[in-house]
Amino acid sequence: MLPITLIREKAEFVKERLAIKNFDASEIIDRIIEHDVERRALQTRLDGVLAESNKLSKEIGMLYKEGKRDEAEIAKAKTVGLKEQSKLLEEKMKEIEGMLTDELVLLPNIPHECVPCGNSDKDNKVVREDGEKPKLSDDALPHWELLEKYGLMSLEYGNKLTGSGFPVFYGKGAKLQRALVAFFLDRAVEAGYTEYIPPLMVNKESAFGTGQLPDKEGQMYHVTDDDLFLIPTAEVPITNIVRDEILKEEDLPLKMAGHSQCFRREAGSYGKDVRGLNRVHQFEKVEIVQIVHPDKSYEVLDDMMEHVASLLSALDLPYRILRLCGGDITFASALTYDFEVFSAGQNRWLEVSSVSNFEVFQSNRLKTRFKDKQTGKTRLVHTLNGSAMALPRIIAALLENNQTPEGIVVPDVLRPYMGCDIIS
RNA sequence: GGAGAAAUGGCAGAGCGGUUGAAUGCACUGGUCUUGAAAACCAGCAUACCGAAAGGUAUCGGGGGUUCGAAUCCCUCUUUCUCCGCCA
């Protein structure tokens, strides 16, 4: 949610920037400004009425103390009209405030100035490509066949237990999953992140805070009896830890990491693109989150990118980094870099991480501020997060790229966690 | 699940119908003193909104109500603690 002050002061600028996201905001912004003006006028009137009635009440108190009952009764009579007025104004106020938030919530975050124009993933800009693509023999297999061949995972079990898109890992497959999670978490902790184990369900307020509600309700599993949502990413509970908090400037940056199961409904496409582990309803991910001083957030974004890049290098996976264009960047993000690994068995790039700076878009919803030491005022923090990393596609790429006639070669860094060099 | 108690500023903790946005202590910030520090003393120290400012309004777990007036009374929800039951 963009701060109302920004829209009030720089309406045209906001409209122009949102056009990069192919979002025509002119009508909404005009309405917001109208309602904002109306709201402020209303508040001035309301405050005046309340001030008068407060004054009267005090006078009545004094009169009673002095024993002037008759005068007190007269004053009491005067408050009746004021009360009616304030009730009316308060109702109007609530109504207009409701409309304002409903409108504000419709606006996406304004993209950073380096975000390229574009409509689809074709317009994303490759900013780095690193690592060597393996040369596989002609009989190389895609990961879904490798998973079956080596007895690592079953979609059929998941299908029986739950439904499609719920993979069941077992044996070395389960171990590989555990190894990757441990490896990613250890790296995050080494990089200064504090490890969290968050709840896997969140309430409405949390889902709203990070921007899943109201617009992306359909992508989350909803536990209706308790009105809770299964998290689509650990970003949601972890970032919400600082909801409604005023942090000390010296406490920034807050670096938090967490592993969780992630649940995504993602109704939609079928076929080759979603085969095997390419897209599933439940998967594991390690997420890194930072809550930072607004002047530092782009530095931190780079820092987080390098962290993710170092993980991929350590796993020896060829990857590329894309700066997402206006049409592909998410609603809440100001700047997003996607990481894709090359999956040789499918001969395609798979998205494994997404690192974003949300600037004040989330913190304005979350009401997460810090006290500026210089000015003594409260300011909104910037929030950032990134996957470090999502497991299924990493596993897909690892299996495909490291396949040999003898089995799947385990990357060096995972061997201590796996307790073996090869999956055969 | 049953019974009881509680929820106040960064923390501790008063207030239990009238000038209380809230005593007091601690913490914190600035100053005086000091060679420096400590101690002592003085001052400041919640958030949001409206307003050019002066100032005003709202907020004492959330929501609703009684009243001219609510931190204080009533209803309701939530959370925490104690006791009992059940259970990984």
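To find a chain, count down the sequence lines: A is the first, B the second, and so on, and within it residues start at 1. All values reported here derive from a predicted model rather than from experimental measurement.
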*Asks:* Using a heavy-atom cut-off of 4.0 Å across all strands, would you classify A:Ile246 as base, sugar-phosphate, or nothing?
*Replies:*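 The residue A:Ile246 makes sugar-phosphate contact but no base contact.
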
*Asks:* When the C1' atoms of B:rG21 and B:rC84 are considered, how many whole Å apart are they?
*Replies:*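 The answer is 42 Å between these two C1' atoms.
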
*Asks:* Is there a Watson-Crick or G-U wobble partner for B:rA7 with both distances under 3.5 Å, and if so, which one is it?
*Replies:*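 Answer to the pairing question: B:rU78, which forms a Watson-Crick or G-U pair with B:rA7.
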
*Asks:* Run the salt-bridge test on A:Glu250 and A:Lys248 with the 4.0 Å N-O cut-off and return the result as yes or no.
*Replies:*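 No, A:Glu250 and A:Lys248 are not salt-bridged.
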
*Asks:* Taking atom P in both B:rG15 and B:rG69, what distance in whole Å separates the two?
*Replies:*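 About 26 Å, rounded to a whole number of Å.
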
*Asks:* Give me the distance, rounded to whole Å, that separates B:rU47 from B:rC11 when you measure between the P atoms they each carry.
*Replies:*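 Result for the P pair: 13 Å, nearest Å.
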
*Asks:* Ignoring backbone atoms, test whether A:Arg8 places a side-chain nitrogen or oxygen under 4.0 Å from the OP1 or OP2 oxygen of B:rC50.
*Replies:*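 Yes, A:Arg8 has a side-chain N/O under 4.0 Å of OP1/OP2 on B:rC50.
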
*Asks:* Would you tell me if any nitrogen or oxygen in the side chain of A:Arg40 comes within less than 4.0 Å of OP1 or OP2 on B:rG51?
*Replies:*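 Yes, A:Arg40 has a side-chain N/O under 4.0 Å of OP1/OP2 on B:rG51.
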
*Asks:* Answer with base, sugar-phosphate or nothing: what part of the nucleic acid does A:Ser57 contact at a heavy-atom distance below 4.0 Å?
*Replies:*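 Touches a base.
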
*Asks:* Give a yes/no answer on whether the side chain of A:Asn54 brings an N or O atom under 4.0 Å of OP1 or OP2 in B:rC68.
*Replies:*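 Looking at the OP1 and OP2 atoms of B:rC68, neither is under 4.0 Å from any side-chain N or O of A:Asn54.
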
*Asks:* Compare the minimum distances between each of B:rG69, B:rU57, B:rA46 and the side chain of A:Lys371, then state the nucleotide with the smallest one.
*Replies:*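 Ranking B:rG69, B:rU57, B:rA46 by closest atom to the A:Lys371 side chain puts B:rA46 first.
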
*Asks:* Should A:His382 and A:Phe358 be marked as a ring-ring contact (aromatic ring centres under 6.0 Å, His included) after you check the CA-CA gap, both sets of side-chain angles, and the distance that decides it?
*Replies:* CA-CA 7 Å; A:His382 281 193; A:Phe358 300 95; over 10 Å; no

*Asks:* Describe the nucleic acid contact of A:Ala75 in one word from base, sugar-phosphate, nothing, applying a heavy-atom distance below 4.0 Å.
*Replies:*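 Touches nothing.
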
*Asks:* What's the spacing between A:Ile110 CD1 and A:Ser333 OG if we round to 0.5 Å?
*Replies:*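 Between atom CD1 of A:Ile110 and atom OG of A:Ser333 there are 12.0 Å.
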
*Asks:* Give me the distance, rounded to whole Å, that separates B:rA53 from B:rA40 when you measure between the P atoms they each carry.
*Replies:*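 Approximately 40 Å lies between the P atom of B:rA53 and that of B:rA40.
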
*Asks:* In whole angstrom, give the distance that lies between atom CG of A:Asn203 and atom P of B:rC77.
*Replies:*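 After rounding, the gap between these two atoms is 19 Å.
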
*Asks:* Rounding to an integer number of Å, can you tell me how far A:Gln43 CD sits from B:rG55 P?
*Replies:*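 Rounded to the whole Å, the gap is 18 Å.
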
*Asks:* Compare the minimum distances between each of B:rG56, B:rC50, B:rU47 and the side chain of A:Thr44, then state the nucleotide with the smallest one.
*Replies:*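 Looking only at heavy atoms from C-beta outward on A:Thr44, the closest nucleotide is B:rC50.
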
*Asks:* Does B:rU67 pair with anything, Watson-Crick or G-U wobble, both distances under 3.5 Å, and if so, with which nucleotide?
*Replies:*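 Matched B:rU67 with nothing under the 3.5 Å cut-off.
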
*Asks:* Give the rounded distance in Å between these two atoms: CD of A:Gln374 and C1' of B:rG30.
*Replies:*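 Between C1' of B:rG30 and CD of A:Gln374: 15 Å.
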
*Asks:* Strictly by Watson-Crick or wobble contacts shorter than 3.5 Å, is anything paired with B:rA12, and which nucleotide is it?
*Replies:*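 Paired with B:rA12, as far as the under-3.5 Å criterion goes, is B:rU24.
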
*Asks:* At 4.0 Å (heavy atoms only), tell me whether A:Lys94 reaches a base, stays on the sugar-phosphate, or touches nothing.
*Replies:*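 It contacts sugar-phosphate atoms only.
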
*Asks:* With side chain to side chain contact (heavy atoms under 4.5 Å, CB included) as the criterion, how do A:Ile28 and A:Phe23 come out once you've worked through the C-alpha distance, each side chain's angles and the decisive distance to 0.1 Å?
*Replies:* CA-CA 11 Å; A:Ile28 299 176; A:Phe23 188 92; 4.0 Å; yes

*Asks:* What distance, rounded to whole Å, do you find between the two C1' atoms, one in B:rG64 and one in B:rU78?
*Replies:*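 It works out to 15 Å between them.
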
*Asks:* Taking pairing as Watson-Crick or G-U wobble with both contacts under 3.5 Å, can you name the mate of B:rC83, or confirm there isn't one?
*Replies:*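 Base partner found: B:rG2.
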
*Asks:* For B:rC68 versus B:rG51, give the span between their P atoms, rounded off to a whole number of Å.
*Replies:*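 After rounding to an integer number of Å, I get 32 Å for this pair.
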
*Asks:* Have a look at A:Ile60 and say if it touches a base, only the backbone sugar-phosphate, or nothing, with a 4.0 Å heavy-atom cut-off.
*Replies:*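 The residue A:Ile60 makes base contact.
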
*Asks:* Identify, between A:Ser53 and A:Tyr64, the residue whose nearest nucleotide on RNA chain B lies closer to the 5' end.
*Replies:*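 With A:Ser53 and A:Tyr64 compared, the 5'-side residue is A:Tyr64.
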
*Asks:* Assign each of A:Arg39 and A:Gly48 to its nearest nucleotide of RNA chain B by heavy atoms, then name whichever residue's nucleotide is nearer the 5' end.
*Replies:*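 It is A:Arg39, whose closest nucleotide lies nearer the 5' terminus.
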
*Asks:* Nearest to the side chain of A:Arg369, which nucleotide is it out of B:rU19, B:rG56, B:rU47?
*Replies:*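 Ranking B:rU19, B:rG56, B:rU47 by closest atom to the A:Arg369 side chain puts B:rU47 first.
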
*Asks:* Relative to the ring of A:His281, is the ring of A:Phe166 parallel (under 30°), tilted (30 to 60°) or perpendicular (over 60°)?
*Replies:*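 Aromatic pair A:Phe166/A:His281 classed tilted.
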
*Asks:* Atom CG of A:Asp372 and atom P of B:rU47: how far apart are they, to the nearest Å?
*Replies:*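 My rounded result for the distance is 12 Å.
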
*Asks:* What is the distance, to the nearest angstrom, from the CD atom on A:Glu90 to the P atom on B:rG64?
*Replies:*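 Answer to the nearest Å: 9 Å.
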
*Asks:* Can you tell me how the ring of A:Tyr221 sits relative to the ring of A:Phe263, calling it parallel under 30°, perpendicular over 60° and tilted otherwise?
*Replies:*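 Because their plane-to-plane angle is over 60°, the rings of A:Tyr221 and A:Phe263 count as perpendicular.
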
*Asks:* With a 3.5 Å limit on both atom pairs, tell me what B:rC41 is paired to, counting Watson-Crick and G-U wobble, or say none.
*Replies:*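 The base-pairing partner of B:rC41, which may sit in any strand shown, is B:rG31.
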
*Asks:* Base, sugar-phosphate alone, or nothing: which one does A:Thr378 contact when heavy atoms must sit under 4.0 Å apart?
*Replies:*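 Here A:Thr378 touches the backbone only, sparing every base.
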
*Asks:* Expressed as a whole number of Å, how far does the P atom of B:rG31 sit from that of B:rG25?
*Replies:*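 Approximately 22 Å lies between the P atom of B:rG31 and that of B:rG25.
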
*Asks:* Distance check needed: B:rG55 C1' versus A:Leu50 CG, whole Å only.
*Replies:*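 Distance, rounded to whole Å: 15 Å.
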
*Asks:* What is the distance, rounded to the nearest whole Å, between atom CD of A:Glu249 and atom P of B:rC45?
*Replies:*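 Computing the A:Glu249:CD to B:rC45:P distance gives 20 Å.
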
*Asks:* Does the pair A:Arg31/A:Glu27 count as a salt bridge with the N-to-O cut at 4.0 Å?
*Replies:*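 Answer for the salt bridge query: yes.
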
*Asks:* Taking B:rC26 as the reference, what is the distance to B:rG63 when you measure between their C1' atoms (whole Å, please)?
*Replies:*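 It comes out at 34 Å once rounded to the nearest Å.
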
*Asks:* Determine which nucleotide pairs with B:rA58, using a 3.5 Å limit on both distances of a Watson-Crick or G-U wobble pair.
*Replies:*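 B:rA58 is paired, partner B:rU47.
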
*Asks:* Which part of the nucleic acid does A:Arg379 contact within heavy-atom distance under 4.0 Å: base, sugar-phosphate only, or nothing?
*Replies:*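 The residue A:Arg379 makes no contact with any strand.
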
*Asks:* Please give, in whole Å, the distance from B:rU67 C1' to A:Lys76 NZ?
*Replies:*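 After rounding, the reported distance stands at 8 Å.
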
*Asks:* Assign the ring pair A:His293 / A:Phe370 to parallel, tilted or perpendicular, where the plane angle (0 to 90°) is split at 30° and 60°.
*Replies:*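 Taking A:Phe370 first and then A:His293, their aromatic rings sit tilted (interplane angle of 30° to 60°).
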
